[in-house]
2 protein chains.
Amino acid sequence: MRRTEQRSVILEELRRASDHPAADDVYLRVRERLPHISLSTVYRNLELLATEGLIRKIEHGGGQKRFDPVAEPHSHFHCSDCGRLEDVPFAVELPELDRDDPWVRARVIYGGRADYFGLCPACAGTDRVLP
Amino acid sequence: MRRTEQRSVILEELRRASDHPAADDVYLRVRERLPHISLSTVYRNLELLATEGLIRKIEHGGGQKRFDPVAEPHSHFHCSDCGRLEDVPFAVELPELDRDDPWVRARVIYGGRADYFGLCPACAGTDRVLP
DNA sequence: GTATCTGCAAAAGTTTTGCAATCCA
DNA sequence: TGGATTGCAAAACTTTTGCAGATAC
């Protein structure tokens, strides 16, 4: 993987973002700094960076895939109302799997992840009135 | 929601499937029985059935959304190699959230789900040689 | 009878790909 | 220099939508 300005800026802008942007959000942000960059370059680099393990691709409701600058597995919170996608600010431990279970033994399980869904502060109204 | 033959057959075929098919897989199966059905009807019905809570739409790696005939939340196992999506055959309990945590208090959390990823028996080779 | 539903076709939205030119090591 | 990378345009793919006619209740 070579170092190119496009690749660096894409990674920088993704790391600066806190909202798990989709490819075309990244494109818009990167374009502020590199006005001639093309959307395919953004797609190709996000894909490559995810393959190389520097970032993470997230499946999320809605048409687009989102990208996470944090490659380490962690939990997300999805707002069912506005679609916001946030990091859960603490580690969620999944229960240990029973290694003797035949279903578990028949598979190689790399890991697991817990995701939560509900209403974010803005949609729940708790960002205005705190109880 | 009215009862139509198309809707019934779509639901039946989804319930008969064990592989969490995508919309166009459902379309292919339904077409065996209703050769004149259109893909949009399949999309519209899967969407409606999911909205009504009879089935569940699953976000999953790869371009297409998948559908699950089981509406109750349960865990899935994603094969990183071949893309197979299976039900985890036991309940995975998520740890209780700390209701006094300010992050938790600021949100309305409907629920969570644990998903696992790794290699399925075929891709791990354990369907041929059992240890 | 009327609101819902279907099929068709077209549109919309997202992601991928072919290719010639350019760039990095 | 040579392989990786880019920009552009076109293609591919998935999903949604408009509309006229058919259907369920």
Side-chain angles (χ1 to χ4, degrees), chain A residues 1-14 17 19-68 78 80 82-85, chain B residues 1-14 17 19-68 78 82-83 85:
Chain A
M1 191 160 75
R2 286 183 182 166
R3 200 217 146 262
T4 68
E5 176 146 34
Q6 289 91 334
R7 184 121 72 217
S8 306
V9 175
I10 288 168
L11 191 51
E12 279 171 28
E13 287 300 323
L14 182 59
D19 58 347
H20 305 85
D24 82 308
D25 295 321
V26 175
Y27 171 60
L28 290 175
R29 294 171 205 189
V30 168
R31 213 167 47 164
E32 305 270 312
R33 294 168 59 187
L34 303 174
H36 295 302
I37 197 170
S38 81
L39 181 55
S40 11
T41 298
V42 175
Y43 269 104
R44 272 190 283 233
N45 277 299
L46 289 172
E47 188 63 39
L48 183 60
L49 290 166
T51 303
E52 299 290 318
L54 279 83
I55 65 174
R56 181 172 280 266
K57 203 197 285 193
I58 313 171
E59 304 298 329
H60 172 262
Q64 295 164 290
K65 278 154 195 151
R66 308 276 211 107
F67 293 86
D68 192 330
H78 306 245
S80 313
C82 69
R84 231 178 110 63
L85 180 58
Chain B
M1 191 161 74
R2 288 182 181 167
R3 197 214 150 266
T4 68
E5 177 145 35
Q6 288 92 332
R7 186 162 301 154
S8 306
V9 175
I10 288 168
L11 191 50
E12 278 171 30
E13 288 299 322
L14 182 60
D19 57 348
H20 306 86
D24 83 309
D25 296 321
V26 175
Y27 172 61
L28 290 176
R29 294 171 204 189
V30 168
R31 213 168 47 163
E32 306 270 311
R33 294 169 59 186
L34 303 174
H36 295 303
I37 197 170
S38 80
L39 182 56
S40 11
T41 298
V42 174
Y43 269 104
R44 271 190 283 233
N45 277 299
L46 289 173
E47 187 64 41
L48 183 61
L49 290 166
T51 303
E52 298 290 318
L54 279 83
I55 66 176
R56 182 172 280 264
K57 204 196 286 194
I58 313 171
E59 303 298 328
H60 171 264
Q64 297 164 290
K65 280 158 195 149
R66 307 275 214 107
F67 294 87
D68 191 329
H78 307 243
C82 68
L85 180 59

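Keep in mind that what you see is a predicted model, and the values were worked out from it rather than measured. To find a chain, count down the sequence lines: A is the first, B the second, and so on, and within it residues start at 1.
At a cut-off of 3.5 Å, with distance as the only test, a side-chain donor of B/Q64 or B/D24 sits close to an acceptor on the other residue.
Side-chain atoms of B/T4 and B/T41, non-hydrogen and from C-beta on, never get closer than 4.5 Å to each other. A heavy-atom distance below 4.5 Å is not found between the side chains of B/I37 and B/V9. Counting heavy atoms from C-beta on, the side chains of B/L48 and B/E52 come closer than 4.5 Å. Side-chain contact between A/R56 and A/F67 is absent, with no heavy atoms from C-beta onward closer than 4.5 Å.
Residue A/R7 is the one, among B/D24 and A/R7, whose nearest nucleotide of DNA chain D lies closer to the 5' end (criterion: closest heavy atom).
Here B/R3 does not reach the OP1 or OP2 of D/dC25: none of its side-chain N or O atoms lies under 4.0 Å away. Checking the phosphate oxygens (OP1, OP2) of C/dG7, a side-chain nitrogen or oxygen of B/Q6 falls inside 4.0 Å.
Between the CG atom of A/L28 and the P atom of C/dT14 there is a distance of 11 Å, given to the nearest Å. Atom pair B/F67:CZ and D/dT15:C1' shows a separation of 10 Å (rounding to whole Å applied). Between the C1' atom of D/dC8 and the OH atom of A/Y27 lies a distance of 11 Å, rounded to the nearest Å. One atom, NE2 of B/H60, and another, P of D/dT15, lie 13 Å apart when rounded to the nearest Å. If you measure from atom CG of B/L39 to atom P of D/dT14, you get 10 Å, rounded to the nearest angstrom. Taking atom NE2 of residue B/H36 and atom P of nucleotide D/dA22, one finds them 15 Å apart after rounding to whole Å. Put simply, CG on A/L34 is 15 Å from C1' on C/dT22, counting in whole angstrom units. Here the P atom of nucleotide C/dA9 and the CD1 atom of B/I37 are 16 Å apart, to the nearest Å.
Picking from C/dC24, C/dC8, D/dC8 the nucleotide with the shortest atom distance to the side chain of A/T4 gives C/dC24.
Listed by first and then second residue, the ring-ring contact (aromatic ring centres under 6.0 Å, His included) pairs that reach into residues 19-51 of chain A are A/H20-A/H76, sequence neighbours excluded.
The salt bridge (Lys or Arg N to Asp or Glu O under 4.0 Å) with B/E13 is formed by just one residue from the set B/R31, B/R7, B/R33; it is B/R33.
Interface residues of residues 40-57 of chain A facing DNA chain D, ordered by number: A/S40, A/T41, A/R44, A/N45; criterion, heavy-atom separation under 4.0 Å.
Contact detail for A/G61 and B/E59: the closest heavy-atom pair is CA-OE2, 3.3 Å.
With axes fitted over five pairs at each extremity, the angle between the ends of the helix from C/dG1-D/dC25 to C/dA25-D/dT1 is 40° (10° resolution).
Checked by distance alone, B/R2 brings a side-chain donor or acceptor within 3.5 Å of a matching partner on the base of C/dA3.
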